[in-house]
Each structure stands twice: as C-alpha cells, then as structure tokens.
Engineer: 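Handing you this structure, nothing more for now.
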Amino acid sequence: MEQRIIENAKTFIKELLGNDAGGHDESHSLRVYETAVRLAESENADVFKTALAALLHDVDDVKLFPDTYRDKKHARAFMASQGIDEATQNEICSIIAMVSFRGTDSTVPDSIEGKCVQDADRLDAIGAIGVGRAFAYGGSRGRKMYDPDVPPKMNMNEAQYRASDSNTINHFYEKLFLLNDMLNTESARRIGERRTKYMREFVEEFILETKGER
Ligand code: ADP
Ligand code: NI
C-alpha cells in the first residue's frame, strides 16, 4: 500500500514538474527523495512520511505554483486521491511548508521527518550538483555568471532573497556556502562538509580564471 503510494507520487511529480529548467525538475525531487530516505533510516524517522514529503516538497513551490502555494492544493489533491487521512495530510503539508531556504527567515522543521527532508533538499543545492543547478537556474533567468563589481548581499530576509536577482557566483555567498551550517542531522553534515569544500574550490578557481590567473 505505502509502496504503491510512493510509486504514484513519482508519476504525479513527473507530470507536474517535468523538465522545469530552473532547477526544480523531477530529477531534483527524486534525488531529494533518495537522500531523505537514507537520512530517515539513519535518524530512525518515519520513512514513509519522509519519502512522501520529499517527493511532494516542490509541487506547491511558491515560484512555480504561486496559486496553489498557500493551501498546498497539489499535495493535498494527490494525497486525498490516495486515501491518505487528513491528519497525515496536514503533517506532510506542514513539513513541506518549512523546507525552503528563506534567508534569515528560514525555519527549523519541528519533526525529525521534516529535518530529514530539509537536509536532503539542502544537500541537493550544494556540491557538484549544486554548482550545476545554480548555473542552470541563473541561465534560465538570464542572469550573469559573475560580476566582480557587484558584491554579494549578506543576511537577506525572505522578501529580500525572493526579490533578489543576484548573479550566480554571488548566490554561492548568499545561500550555498551557508547551507552546511544550517543542516539539522549529523548524517547530512558529513555529506555537507565534503560538498561545501568542493564548491569553495570551484568558486575560487572560477574567480582566479576570470582574473587570468589560471
Ligand atoms: P529551495 O529549494 O530551498 O526552495 P530555491 O528555490 O531558492 O531553493 O532554489 C532552487 C535552486 O535554484 C537551488 O539549487 C538554488 O541554489 C538555485 N538558485 C536560487 N536562486 C539562485 C540565484 N540567484 N542564482 C543561481 N541559482 C539560484
Ligand atoms: Ni527542492
């Protein structure tokens, strides 16, 4: 039964997210799902709830679906279609609502399942995959890769972060380098350390190359 729901959720996100070019495509949600399940296993969290919240975490994302964002209409419609009770629906929606990075307004989920989903989503924003997604996102918005004359804006709140049109290298300073210290679980932090070190080396090389020093 639960396995069937997970498989149906994969089909649902494929139809809804497909090939979004801005870094929220189906493959992102599938990676978050795989990582979240691994974290849930090490943290003794409820694997089904973690898996379901991970698969559904972007189906009402404010950037992609501003009209369903508030009531989590897509997530609720899917869960209702699978016969999931309302209490569980509320639990999953409250996890989804806390996952996203919101600058200084970011929240720490109050359940271990939520912590695993948030960590998995953040791990997918860093490391080599993070570099790839950042440039894909920047390209999809027509942003510059780098502008040495524009300094990064630190300590942005949610509204400032959402309104920001930062170039991609600045995004590393404004978000991606901060994520490792915001991870909730020990298991995620071990992966985060390595991925963050890799990204820092990448950005250092990138800037040296633009200066003609490499
Ligand atoms: P979340 O998954 O926490 O909701 P976002 O929706 O803000 O995060 O970001 C989705 C993806 O797009 C992430 O990989 C993120 O790093 C990337 N991204 C967001 N803003 C920018 C930006 N200004 N430049 C480059 N990449 C960005
Ligand atoms: Ni995500």
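Heavy-atom basis, side chains included; hydrogens, waters and symmetry copies ignored. Read the numbers this way: they start at 1 and go in the same order the structure lists the ligands and their atoms.
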Engineer: Closer than 4.0 angstrom, basic N to acidic O: yes or no for R189 and E193?
Structural biologist: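 Salt bridge flag = no for E193 with R189.
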Engineer: Which ligand 1 atoms does S166 reach within 4.0 Å, using its non-hydrogen atoms?
Structural biologist: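 Result: 23 (N).
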Engineer: Quick one: look at R122 and ligand 1, take heavy-atom pairs under 4.0 Å, and tell me if it's side chain, backbone, both or neither.
Structural biologist: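 The answer is neither; R122 stays 4.0 Å or more away.
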Engineer: For the backbone of D61 and the side chain of D58, can you confirm whether one donor and one acceptor N or O come within less than 3.5 Å of each other?
Structural biologist: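 Here the side-chain-to-backbone pair does not exist.
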Engineer: Around the Ni ion (ligand 2), how many protein N, O or S atoms are there at under 2.8 Å?
Structural biologist: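 Considering protein N, O and S only, the Ni ion (ligand 2) has 3 within range.
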Engineer: Which atom names give the shortest non-hydrogen contact between A36 and V117, and what distance separates them?
Structural biologist: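 Smallest interatomic distance, heavy atoms only, reads CB-CA, 4.3 Å.
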Engineer: Please list, in number order, the atoms of ligand 1 under 4.0 Å from a heavy atom of L176.
Structural biologist: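 Here the atoms of ligand 1 in question are 16 (O).
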Engineer: Would you check whether A125 has a nitrogen or oxygen atom less than 3.5 angstrom from a nitrogen or oxygen atom of ligand 1?
Structural biologist: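 Not met; the criterion fails.
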Engineer: Can a donor-acceptor pair be found between the side chains of D119 and N184 at a distance below 3.5 Å?
Structural biologist: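 Note: D119 and N184 side chains meet the donor-acceptor criterion.
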Engineer: Would you mind finding which of H171, R143, R133 brings a heavy atom closest to atom 16 (O) of ligand 1?
Structural biologist: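 It is H171 that holds the nearest heavy atom.
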Engineer: Identify, by atom number and element, the atoms of ligand 1 in contact range of Y161, meaning under 4.0 Å from any of its heavy atoms.
Structural biologist: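 Going through ligand 1 atom by atom, the ones under 4.0 Å from Y161 are 7 (O), 19 (C), 20 (N).
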Engineer: Nearest heavy-atom pair of Y33 and A51: which atoms, and what distance?
Structural biologist: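 In terms of heavy atoms, the two residues are closest at CE1-CB, 3.6 Å.
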Engineer: With rounding to the nearest 0.5 angstrom, report the CZ to OG1 distance, R102 to T107.
Structural biologist: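 OG1 of T107 is found 4.5 Å from CZ of R102.
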Engineer: For K63, counting its heavy atoms only, list the atoms of ligand 1 lying under 4.0 Å from any of them.
Structural biologist: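 It comes down to these atoms of ligand 1: 4 (O), 5 (P), 6 (O).
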Engineer: For the residue pair F202 and F206, categorise the inter-ring angle as parallel (less than 30°), tilted (30 to 60°) or perpendicular (more than 60°).
Structural biologist: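 Tilted: the ring planes of F202 and F206 meet at 30° to 60°.
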Engineer: Taking the six-membered ring of Y146, is the NZ or CZ of K144 close enough (under 6.0 Å from the centre) and on axis enough (within 45°)?
Structural biologist: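 Geometry flag: not set, cation outside 6.0 Å or 45°.
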Engineer: Measure F101 to ligand 1 on non-hydrogen atoms and call it side chain, backbone, both or neither using the 4.0 Å cut-off.
Structural biologist: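 For F101, the contact with ligand 1 is made by both the backbone and the side chain.
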Engineer: Should the proximity of D58 to ligand 1, defined as any heavy atom under 4.0 Å, be assigned to the side chain, the backbone, both, or neither?
Structural biologist: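 Looking at D58 and ligand 1, no heavy atom falls under 4.0 Å.
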Engineer: Determine whether E43 and K115 satisfy the following criterion, side-chain contact (heavy atoms from CB on, under 4.5 Å), listing intermediate values before the conclusion.
Structural biologist: CA-CA 10 Å; E43 302 291 324; K115 290 185 167 87; over 6 Å; no
Engineer: Regarding Y137 and R141, do their side chains bring together a donor and an acceptor under 3.5 Å, going by distance alone?
Structural biologist: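 Yes, a side-chain donor-acceptor pair sits under 3.5 Å.
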Engineer: Which atoms from ligand 1 have a heavy atom of S100 less than 4.0 Å away?
Structural biologist: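 That gives atoms 1 (P), 3 (O), 4 (O) of ligand 1.
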Engineer: For residues D60 and T68, is any side-chain donor paired with an opposing acceptor at under 3.5 Å?
Structural biologist: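 The criterion, which ignores hydrogens and geometry beyond distance, is satisfied for T68 and D60.
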